[in-house]
Amino acid sequence: IERVFSVWSLLLYAVYVVLIVLVLRDHGGTIVATAGLWEEDSAWIMGGLRYAAYNLSALPAMLFALRHIETRREALSAGLLAGLIAMFPGALIFTAFLAHYPAVVSEAIPAAFVLGGLDWPLFQLLFQLILFGTFIETGTGMIHGFNERVAGVLQERGGSMSHWQRLGIAAVVLVVSVWLADRFGLIALISQGYGLITWGYWIFFLLPVLIVGSWRILQSGRPELS
């Protein structure tokens, strides 16, 4: 899973770079002009905090990747690099959106709207394939992370998790996810349910980890970075 994620992420970044090059070529002047717009009541700070908070939903599931980190120096460098790497495609696609602002705001799928303006069907198809693969990548990582959390609990209790149990949990998660998406709609889930769940991650996961973790670090002294 980790190897596939690494290779596919490189493909995703490459496609985003091509996208921004094409958009800048056709709409560079518009992007510069739009980037200079300013609204007093835009609440951009709160919007940035909410966007950062939304991404906390993946944090509990991704803890299985921490097994590779052995020192505090590695943890700090990995955290800094992860933030930059994760925001790289986001910054590119946001820049591309500026070429069609404010029309792009009302679009259900803004990326598809921007691609349609390029008038290059082959690249549009390639982008959608890469994006679809990224959805699979994200879903696979979340399901694997969920399984790893369950496996960790079983291991703490002296048990183990079989392959069939992993398959069963993955199937249940997929069925429930599809049912929720069909029942409430993706847009409603993202705009309402996702924001509500984010507060739960802050209250029940992030704050306890930061508070308890910081307390334990202070209690144990100040270990060396390496």
Side-chain angles (χ1 to χ4, degrees), residues 1-6 8-9 12-13 43-91 94 134-161 165-166 168-170 172-174 176-177 180-181 184 186 189-226:
I1 290 176
E2 291 170 351
R3 291 173 182 173
V4 172
F5 280 11
S6 300
W8 199 265
S9 295
L12 176 67
Y13 297 156
W44 61 272
I45 295 180
M46 182 57 65
L49 291 175
R50 289 179 59 187
Y51 178 78
Y54 287 165
N55 289 279
L56 291 176
S57 60
L59 186 58
M62 296 297 103
L63 290 178
F64 70 90
L66 296 180
R67 65 185 63 176
H68 301 297
I69 298 177
E70 299 180 354
T71 66
R72 182 167 298 176
R73 184 184 299 276
E74 293 178 353
L76 291 173
S77 60
L80 292 173
L81 288 174
L84 293 174
I85 293 172
M87 287 306 301
F88 177 71
F94 179 79
T134 303
F135 292 153
I136 297 177
E137 177 186 33
T138 303
T140 302
M142 296 295 287
I143 292 174
H144 179 64
F146 191 91
N147 273 332
E148 286 295 293
R149 299 284 289 181
V150 176
V153 173
L154 293 177
Q155 186 176 7
E156 291 177 356
R157 298 179 179 179
S160 61
M161 192 174 181
Q165 287 175 318
R166 287 181 177 272
I169 291 175
V172 170
V173 171
L174 282 173
V176 172
S177 300
L180 288 173
F184 299 101
L186 286 176
L189 284 175
I190 294 174
S191 62
Q192 299 177 16
Y194 204 41
L196 183 62
I197 291 175
T198 297
W199 289 111
Y201 284 117
W202 271 87
I203 297 171
F204 297 108
F205 182 81
L206 183 63
L207 291 178
V209 167
L210 292 177
I211 295 172
V212 175
S214 299
W215 174 254
R216 290 183 177 179
I217 291 175
L218 293 174
Q219 289 291 97
S220 61
R222 188 177 179 181
E224 296 295 330
L225 289 179
S226 59

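Numbering starts at 1 and runs along the sequence shown.
- In terms of modelled atom types and a separation under 3.5 Å, the side chain of Q219 and the main chain of W215 share no donor-acceptor contact.
- One N or O on the side chain of S77 and one on the backbone of E74 form a donor-acceptor pair closer than 3.5 Å.
- Enclosure of atom CD in Q155 is not indicated, since only 12 or fewer non-hydrogen atoms of other residues, nucleotides or ligands lie within 6.0 angstrom.
- Heavy atoms only, all atoms of each residue included: L154 and M161 are closest at CD1-CB, 4.0 Å.
- Enclosure of atom CZ in F146 is not indicated, since only 12 or fewer non-hydrogen atoms of other residues, nucleotides or ligands lie within 6.0 angstrom.
- Note that CD1 of I169 and CG of L174 are 12.0 Å apart. Values are rounded to the nearest 0.5 Å.
- Residue F205 holds its CZ atom at 9.0 Å from CG of L210, rounded to the nearest 0.5 Å.
- What you find for R166 and A151 is that their closest heavy atoms are NH2-CB, 3.9 Å.
- Shortest non-hydrogen contact noted between A75 and I69 is N-CG2, 3.6 Å.
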